[in-house]
Amino acid sequence: MTIQKIDRARLYTDILYRYQYVSDFVGFNETDVKALKDAAPLIAPLVPVIADAVYEKLFSYDITKKVFLERGSGFHGHLAQNLDQMSTDDEQIKHRKDFLSKYLVKLVTAEYDAKFVAYLDRVGKMHTTTPEKKSTINVEYVHVNALFGWLHGFLVETLNGLPELQADPSARGKVLGALSKILWIQNDFFAMYYVKDGVEDRLNAAAEKTGASGRDYCWRYLAMACGIAALGLAISLGVGFEHATR
């Protein structure tokens, strides 16, 4: 067996290279692409149901529901002020459901080219605290991973029950396998912004773009993180003082 050589640094600095590596490792290939595209007409009518189910799940825990108190990128309408005021019928939630619906359609209809890889990367990045993004939304990875696990199970059960796929076990197996692979590939584009693996390579690559040294960029990143932590501490102390003086 021939052992493939992998450039470790590129896994953390070249998203297309990373996509190709992970895709090859999980076995996502043209057969999977065809299976997803063939199943797209069956999946499309289910998208609104899937989007509703996702937000019902996220709203079933306070820690995941409160994420939506933050204004999402591109939304300029009314925003709920607390969890009790918020419902899945809110303007922002409808806005996010629309984004999720388009995302789900893209997963099974894309060309799976460099543009699509950039899209997967953008979806993962926008949920994190990386200094490379503009959005203020930050979702801790434990919730992201849990949602992917739940969504995977929900999609498998939903698609497995479709009469069209029940009548063709071979096609059903290919669709479910392809769906599992593309979800894990997307999950990886979330994980890369949470785990510390390769952070030095990413910081050095970002520093090269700005003209700063890797060490300078690292200090900027650390300063930003300390600033966020200090702000959180100040808020906590303020809340504690407010309660103590009541």
Side-chain angles (χ1 to χ4, degrees), residues 15 18-19 22-23 26 28 32 36 39-40 43-75 79-80 82-83 86-110 116-130 132-133 135-161 175-197:
I15 59 173
R18 185 182 180 106
Y19 170 81
V22 175
S23 294
V26 302
F28 185 75
D32 297 299
L36 290 176
I43 297 174
L46 299 174
V47 165
V49 176
I50 297 168
D52 285 343
V54 166
Y55 278 89
E56 287 293 338
K57 187 66 179 179
L58 291 172
F59 271 45
S60 64
Y61 299 92
D62 63 342
I63 198 166
T64 48
K65 184 178 180 180
K66 71 179 183 181
V67 171
F68 304 106
L69 290 173
E70 290 281 348
R71 186 176 297 278
S73 178
F75 177 73
L79 193 66
N82 56 59
L83 295 184
M86 193 190 308
S87 78
T88 54
D89 292 324
D90 284 4
E91 290 180 48
Q92 175 164 233
I93 304 307
K94 289 179 179 178
H95 173 78
R96 292 186 177 227
K97 282 184 180 180
D98 182 60
F99 176 86
L100 175 60
S101 297
K102 292 176 181 177
Y103 165 78
L104 292 170
V105 170
K106 189 179 287 286
L107 277 187
V108 296
T109 60
F116 176 67
V117 173
Y119 176 75
L120 294 180
D121 178 60
R122 189 164 66 252
V123 169
K125 184 187 300 182
M126 71 171 60
H127 292 84
T128 72
T129 56
T130 173
E132 302 170 41
K133 67 153 195 175
S135 169
T136 58
I137 297 296
N138 174 43
V139 183
E140 293 175 337
Y141 184 66
V142 60
H143 314 304
V144 172
N145 190 52
L147 180 62
F148 267 106
W150 174 86
L151 179 60
H152 183 205
F154 180 83
L155 291 177
V156 167
E157 290 180 8
T158 302
L159 297 181
N160 191 51
V175 170
L176 298 182
L179 188 64
S180 297
K181 294 172 187 178
I182 195 63
L183 285 177
W184 278 108
I185 291 169
Q186 174 65 91
N187 192 14
D188 178 66
F189 276 102
F190 276 82
M192 69 178 288
Y193 290 103
Y194 291 96
V195 299
K196 63 181 181 180
D197 301 345

[X] side chain near [Y] side chain, heavy-atom distance below 4.5 Å:
X    : Y    : answer
Y194 : V142 : no
K97  : T88  : yes
F154 : V54  : no
F148 : V144 : yes
L176 : L159 : yes
D121 : R18  : no
L151 : I50  : yes

Once rounded to the nearest 0.5 Å, what's the spacing between atom [atom1] of [X] and atom [atom2] of [Y]?
X    : Y    : atom1 : atom2 : result
L100 : Y55  : CG    : OH    : 5.5 Å
T109 : L104 : OG1   : CG    : 10.5 Å
L183 : K181 : CG    : NZ    : 12.5 Å
H127 : Y193 : NE2   : OH    : 13.0 Å
F59  : K66  : CZ    : NZ    : 14.0 Å
F189 : K125 : CZ    : NZ    : 10.5 Å

I need the minimum non-hydrogen distance between [X] and [Y], along with the two atoms involved.
X    : Y    : result
S87  : I93  : O-CG1, 3.5 Å
I185 : S23  : CD1-OG, 3.5 Å
I15  : A118 : CD1-CA, 3.9 Å
P48  : P45  : CD-O, 3.6 Å

Original post:
Who pairs with A146 by side-chain contact (heavy atoms from CB on, under 4.5 Å), at least two apart in sequence or on another chain?
Top reply: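 With sequence neighbours excluded, A146 shows a side-chain contact (heavy atoms from CB on, under 4.5 Å) to no residue whatsoever.
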**OP:** Under the side-chain contact (heavy atoms from CB on, under 4.5 Å) rule, what do L58 and H143 come out as? Steps first, then yes or no, please.
**Re:** CA-CA 9 Å; L58 291 172; H143 314 304; over 6 Å; no
**OP:** Go through the steps for Y141 and N187 under the test side-chain contact (heavy atoms from CB on, under 4.5 Å), then give the verdict.
**Re:** CA-CA 10 Å; Y141 184 66; N187 192 14; 3.1 Å; yes
**OP:** Verify side-chain contact (heavy atoms from CB on, under 4.5 Å) between F190 and N145, making sure each step is shown before the conclusion.
**Re:** CA-CA 9 Å; F190 276 82; N145 190 52; over 6 Å; no
Original post:
Is K94 salt-bridged to D98, cutoff N-O under 4.0 Å?
Top reply: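 Between D98 and K94 there is no salt bridge, as every charged N stays at least 4.0 Å from the carboxylate O atoms.
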**OP:** Begin with the C-alpha distance, continue with both residues' side-chain angles, and end with the deciding distance and a verdict on side-chain contact (heavy atoms from CB on, under 4.5 Å) for F28 and V22.
**Re:** CA-CA 8 Å; F28 185 75; V22 175; over 6 Å; no
**OP:** Could you tell me whether the side chain of D52 and the main chain of V49 form a donor-acceptor pair under 3.5 Å?
**Re:**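 Checking the backbone N and O of V49 against the side chain of D52, no donor-acceptor pair under 3.5 Å is found.
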Original post:
Are the side chain of K57 and the backbone of L147 linked by a donor-acceptor contact shorter than 3.5 Å?
Top reply: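 Not a single qualifying donor-acceptor pair exists.
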**OP:** Report the residue from L36, L120, L179 that forms a side-chain contact (heavy atoms from CB on, under 4.5 Å) with L107.
**Re:**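 Answer after filtering L36, L120, L179: L120.
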Original post:
Got a sec: does the CZ of F116 have more than 12 other heavy atoms crowding it under 6.0 Å?
Top reply: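 Yes, because the 6.0 Å sphere around CZ of F116 holds more than 12 heavy atoms from other groups.
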**OP:** Just jot down the salt bridge (charged side-chain N to carboxylate O under 4.0 Å, His left out) partners of K106, sequence neighbours excluded, or say none.
**Re:**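 Residues passing salt bridge (charged side-chain N to carboxylate O under 4.0 Å, His left out) with K106: none at all.
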